[in-house]
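In what follows, chains carry the letters A, B, and so on, assigned in the order in which the sequence lines appear, proteins first and then strands, with residues in each chain numbered from 1. Treat the numbers as computed from the prediction; the structure is a model and nothing was measured.
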Amino acid sequence: MSQTAQLSTEQRAALIARNLEEVIGAEELPALLAQNLPLRHYIGLEISGKLHLGTGLMCMQKVRDLQRAGVHCIVFLADWHTWINDKLGGDRERIKRVAVGYFKEGLKASLAALGGDPEALEFVLGSDLYHHNDVYWETLIEVSRNTTLNRILRSISIMGRNEGESIDFAKLIYPPMQVADIFILRANIAHGGMDQRKAHVIARDVAHLLSIAPLRDAHGKVIKPIAIHHHLLLGLEKPPQWPVDPEKLRELRTAMKMSKSKPRSAVFIHDSPDEIRAKMRKAFCPPPADGIAFNPVLDWAEHLIFRNAQSLFVPRAPENGGNLTFESYEALAAAYSEGGLHPMDLKNAMSEALIALLEPVRKHFEDRAEIKAMWAELEAML
RNA sequence: CCCGGGAUAGCCAAGCGGCCUAAGGCAGCUGACUGUAAAUCAGCCAUUCGGAGGUUCGAAUCCUUCUCCCGGGACCA
């Protein structure tokens with residue numbers, strides 16, 4: 001905190017807003033910071049399987065930034081949302097155990113590896129938040145009263161569902177619950193990947209319509225939560241249409257995000273070095289002639305490696321030109337585009353860089369029997 | 001509770017009494033080719049058709065029953 005005290009409002013705002021895909025309500029941020037109000041952040045995570053780099057690193061990278069900016073960070077372990085979405089077999093007691101066991105450990109280890117403070121990170125379990133909490137349920141109804149069915153239907157389509165596919169009614173309760181979570185946790189900053197923007201936008205739209213638990217600033221004025229959305233890492237697979245239509249690039253990137261249900265698309269935070277190398281070797285990595293607009297390996301270099309390391313070292317055999325070091329993503333992308341870096345050398349470099357970045361996380365899971373046991377319990381549920 | 005439709009591999013899906021130790025597609029796996037992946041080519045991938053009975057020389061295919069899913073209706077003091 002002493003470090004925070006030395007940061008100017010501008011510096012804090014810059015830390016909060018950096019490396020994001022978008023900040024909704026950016027213009028409200030300086031005023032909020034100037035009030036010296038203790039800021040609260042929230043990111044809600046459904047307990048739905050092994051932690052991949054999108055959750056472990058992309059989310060926690062931002063948490064680290066926020067902590068440095070003096071924001072109190074909260075991970076909301078959404079066990080009810082897991083239940084609603086039929087994940088992990090629906091055994092609620094086990095979901096809870098996995099949430100507070102595996103998920104918490106994995107996220108703390110990831111945050112620590114990225115230079116954040118895991119001890120300062122607050123974890124709130126959905127079940128605990130909802131238990132005997134009238135204000136929560138009242139807010140859920142208030143949010144629902146101020147949202148239309150059409151809007152809810154639109155917002156659930158992002159949960160990986162296809163049009164026309166039949167769903168049970170509980171799925172419709174999911175988005176308003178997510179919105180209520182934000183207000184009941186009194187989060188000034190709602191954080192998630194780009195796939196979370198619909199729920200966050202609803203939260204902002206209803207913010208001024210709530211009477212039970214509105215969000216207020218230091219002067220008691222009702223305010224909207226600021227929504228920050230990080231980049232969704234590309235999965236390592238080839239997209240369905242290739243080459244990609246530049247017009248559709250944005251939606252394709254969302255559709256092609258890393259996913260735990262497509263094991264080839266994702267690297268998990270505790271993958272072994274050999275697993276990481278194998279996945280990288282199989283990754284879709286189009287040659288420079290095809291452009292670099294859609295290249296998962298470069299995407300990871302930009303969003304994971306250069307956000308956490310000064311450089312990327314490329315080990316190369318002498319006959320292929322010898323070793324290389326890149327100091328920035330721009331330099332790397334330029335070299336790749338010009339054909340000065342072979343895809344395989346890029347992959348090798350990325351494998352080793354990721355292995356190094358994840359080394360503390362892997363050790364955390366390997367060294368302690370009880371943590372390994374949590375991981376084993378989760379694997380058994382998949 | 002009633003009527004109707006359905007249940008075939010991870011997913012989609014053909015077959016509707018013998019040629020089914022079940023077509024095809026997607027996904028996946030292995031190999032070839034590329035100094036990566038992709039693309040392409042070759043190979044592998046359900047002894048079994050939601051469960052249990054029965055009819056028959058013979059059933060995924062017909063009958064009975066149970067379970068589950070979908071659509072609709074009924075109930076609504």
Please state the [atom1] separation for the pair [N] and [M] - nearest whole angstrom.
N: B/rC16; M: B/rA7; atom1: C1'; answer: 15 Å
N: B/rA23; M: B/rC69; atom1: P; answer: 30 Å
N: B/rC62; M: B/rA77; atom1: C1'; answer: 47 Å
N: B/rU47; M: B/rC11; atom1: P; answer: 15 Å
N: B/rG17; M: B/rU56; atom1: C1'; answer: 9 Å
N: B/rA9; M: B/rC26; atom1: C1'; answer: 12 Å
N: B/rG6; M: B/rA14; atom1: C1'; answer: 16 Å
N: B/rA60; M: B/rG50; atom1: P; answer: 10 Å

Would you mind reading off the distance between [X] atom [atom1] and [N] atom [atom2], rounded to a whole angstrom?
X: A/L236; N: B/rU36; atom1: CG; atom2: P; value: 17 Å
X: A/R277; N: B/rU36; atom1: CZ; atom2: C1'; value: 16 Å
X: A/M344; N: B/rC33; atom1: CE; atom2: P; value: 14 Å
X: A/L346; N: B/rG35; atom1: CG; atom2: P; value: 18 Å
X: A/M280; N: B/rU36; atom1: CE; atom2: P; value: 16 Å
X: A/N295; N: B/rU36; atom1: CG; atom2: P; value: 15 Å
X: A/D290; N: B/rA38; atom1: CG; atom2: P; value: 14 Å
X: A/K347; N: B/rG35; atom1: NZ; atom2: P; value: 15 Å

Within the 4.0 Å heavy-atom criterion, would you say [X] contacts the bases, only the backbone, or no part of the nucleic acid?
X: A/D345; answer: base
X: A/P287; answer: base
X: A/N348; answer: nothing

Would you say A/K279 reaches B/rU36's phosphate, i.e. side-chain N/O to OP1/OP2 under 4.0 Å? no
I want to check one thing: is the phosphate of B/rA39, taken as OP1 and OP2, less than 4.0 Å away from some side-chain N or O of A/K238? yes
Of the options [options], whose atoms approach the side-chain atoms of [X] most closely?
X: A/N320; options: B/rG28, B/rU36, B/rG35; answer: B/rG35
X: A/H342; options: B/rU30, B/rA38, B/rU36; answer: B/rU36
X: A/K282; options: B/rA38, B/rU30, B/rU36; answer: B/rU30

Both distances under 3.5 Å, Watson-Crick or G-U wobble: report the partner of [N], or none.
N: B/rU40; answer: B/rA32
N: B/rA46; answer: none
N: B/rA7; answer: B/rU67
N: B/rU55; answer: none
N: B/rA60; answer: none
N: B/rC1; answer: B/rG73

Is any NZ, NE, NH1 or NH2 atom of the basic residue among A/K62 and A/D65 found under 4.0 Å from an Asp or Glu carboxylate oxygen of the other? yes
In this structure, are over 12 heavy atoms from other groups packed under 6.0 Å from A/R18 atom CZ? yes
Backbone of A/A283 reached by a side-chain donor or acceptor of A/K347 within 3.5 Å: yes
Any donor-acceptor N/O pair, A/R40 side chain to A/V71 backbone, under 3.5 Å: no
Which of parallel (below 30°), tilted (30 to 60°) and perpendicular (above 60°) describes A/Y42 and A/H200? perpendicular
Atom of A/L236, atom of A/K279 and distance for their closest heavy-atom approach: CD1-O, 3.9 Å
Any chance the rings of A/Y174 and A/W80 have centres within less than 6.0 Å? no
